[in-house]
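It should be emphasised that the depicted structure is a prediction, and the values quoted were computed from it without experimental measurement. Counting convention: from 1, in listed order, for ligands and their atoms alike.
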Amino acid sequence: MLGGLLFFNFIRYPEITMDIDATREKALRELETADTEDSLAAWHGVYLGRKGEITMILRSLGEKSLNEKKDLGPKAQSLKRDLEAAYVRKEKNLKGAADAHRRIDLTMPGTRPEVGHCHPLMKTISDIRRIFGNMGFATVEGPELETETYNFDKLNFPKNHPARDMQDTLWVSAPKGLLMRTHTSPVQARYMEKNLPPFQIIVPGRVFRNEATDSSHEANFYQFEGLMVGTDVSLGNFKWIIGEFSRQFFEKDVDLRFRPSFFPFTEPSVEIDMRIGNGPWLEMMGGGMVHPNVFEAVGYDPKGVQGFAFGGGLDRWAMAKYGIPDVRLFYGNDARFLRQF
Ligand code: PHE
């Protein structure tokens, strides 16, 4: 409104002057001060409108002599073009300024930017790395596409042993002999072939099985393998490490139960059950003392070394920690689920 009032002093009857330079200077100076939409429209009326000064000048040319027309005509036309261009520029500036002003309205409530969330399985992997890392375990990885040799042979699976089928292996059609690893245990053999004891490692990773899916089975899921080898690493050490890890992972007191089991690559083999507080017993991992045949297959002298290995279903650990009822939730990419972590 203020702009409109200030502008009032140059809304007047246009006096027709043929001093084109003076008109140009005056018009541009006044345009400079037009800083609202209203005052800009008024300016347009005064100079470029149907009864505006420039229109009048052009119209009055008709009564001039030929010489005057030749002189003034082009000048008046170029004045009109210049003022029109200046008007358009000004209009743009005003609009831009108004938009900018709207964009930085500091009284508007803030909007929370959408930020990514750490997937619960990745969170679990980093917890596992941290806790085992503090106990001196290094994290290593291995290939998901494996050879039959590493997935089975070097782990003491007899040829044509039903265990190879028991694991519902996903074979790759070509090249022949390759498969999607059914467990993280092949990394045991890969690591031992390149390193000498003593060492302790943890191997988180994706594994694949040709299984029907339900609330506790997925065709691909995660495991974490552990392997500690030295000259006198015992089952007692194994028990202590697993107990310590479990309590730190769940941040609660945890009861462990070791049951006899069988794996071709450990002897003796155990299944480890766990109870958190007064909850039910849950089967959390398999493990045992590394079988002498495995040491032999990687080139160690089985008489000089011993150690333990274990493999846990990482999804299962995450489900127990966060109270997740269905393993498929990890792989569904439902933002409502993921946003909770
Ligand atoms: N690889 C075994 C499985 O997938 C688990 C395991 C790992 C058992 C290491 C013993 C030692 O079930």
I need the atoms of ligand 1 closer than 4.0 Å to a non-hydrogen atom of [X], numbered in the order shown.
| X | result |
| --- | --- |
| Q188 | 9 (C) |
| Q223 | 3 (C), 4 (O) |
| F310 | 7 (C), 9 (C), 11 (C) |
| G286 | 6 (C), 8 (C), 10 (C) |
| G287 | 8 (C), 10 (C), 11 (C) |

| Can the ring centres of H44 and Y87 be said to be less than 6.0 Å apart? |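 Under 6.0 Å, so yes.
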
| query | Taking only residues two or more places apart in sequence, or in another chain, which ones meet E114 in a salt bridge (Lys or Arg N to Asp or Glu O under 4.0 Å)? | reply |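 Testing E114 for salt bridge (Lys or Arg N to Asp or Glu O under 4.0 Å), a comparison that skips the adjacent residues, returns R339.
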
| query | Which residues satisfy the side chain to side chain contact (heavy atoms under 4.5 Å, CB included) test with T147, sequence neighbours excluded? | reply |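 T147 satisfies side chain to side chain contact (heavy atoms under 4.5 Å, CB included) with T149, Y150, L178 only.
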
| Check ion pair D127-K321 (N to O, under 4.0 angstrom) |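 K321 and D127: salt-bridged.
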
| task | Tell me, with the steps shown, if E25 and R29 meet salt bridge (Lys or Arg N to Asp or Glu O under 4.0 Å). | result | CA-CA 6 Å; E25 200 207 306; R29 191 170 3 96; 3.8 Å; yes

| said: Taking distance alone, with N or O pairs closer than 3.5 Å, would you say T266 contacts ligand 1? | reply: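 No; the residue has no nitrogen or oxygen that sits under 3.5 Å from a nitrogen or oxygen of the ligand.
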
| Could an N or O of ligand 1 be found under 3.5 Å from any N or O of R209, whether backbone or side chain? |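 Between R209 and ligand 1, an N or O pair is found under 3.5 Å apart.
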
| said: Under 4.0 Å, counting heavy atoms only: does M285 come that close to any atom of ligand 1? | reply: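 In this structure, M285 fails to qualify as a contact of ligand 1 - no heavy atom is under 4.0 Å.
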
| said: What's the separation between atom CG in L28 and atom OG1 in T33, rounded to the nearest 0.5 Å? | reply: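 Rounded to the nearest 0.5 Å, the CG-OG1 separation comes to 11.5 Å.
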
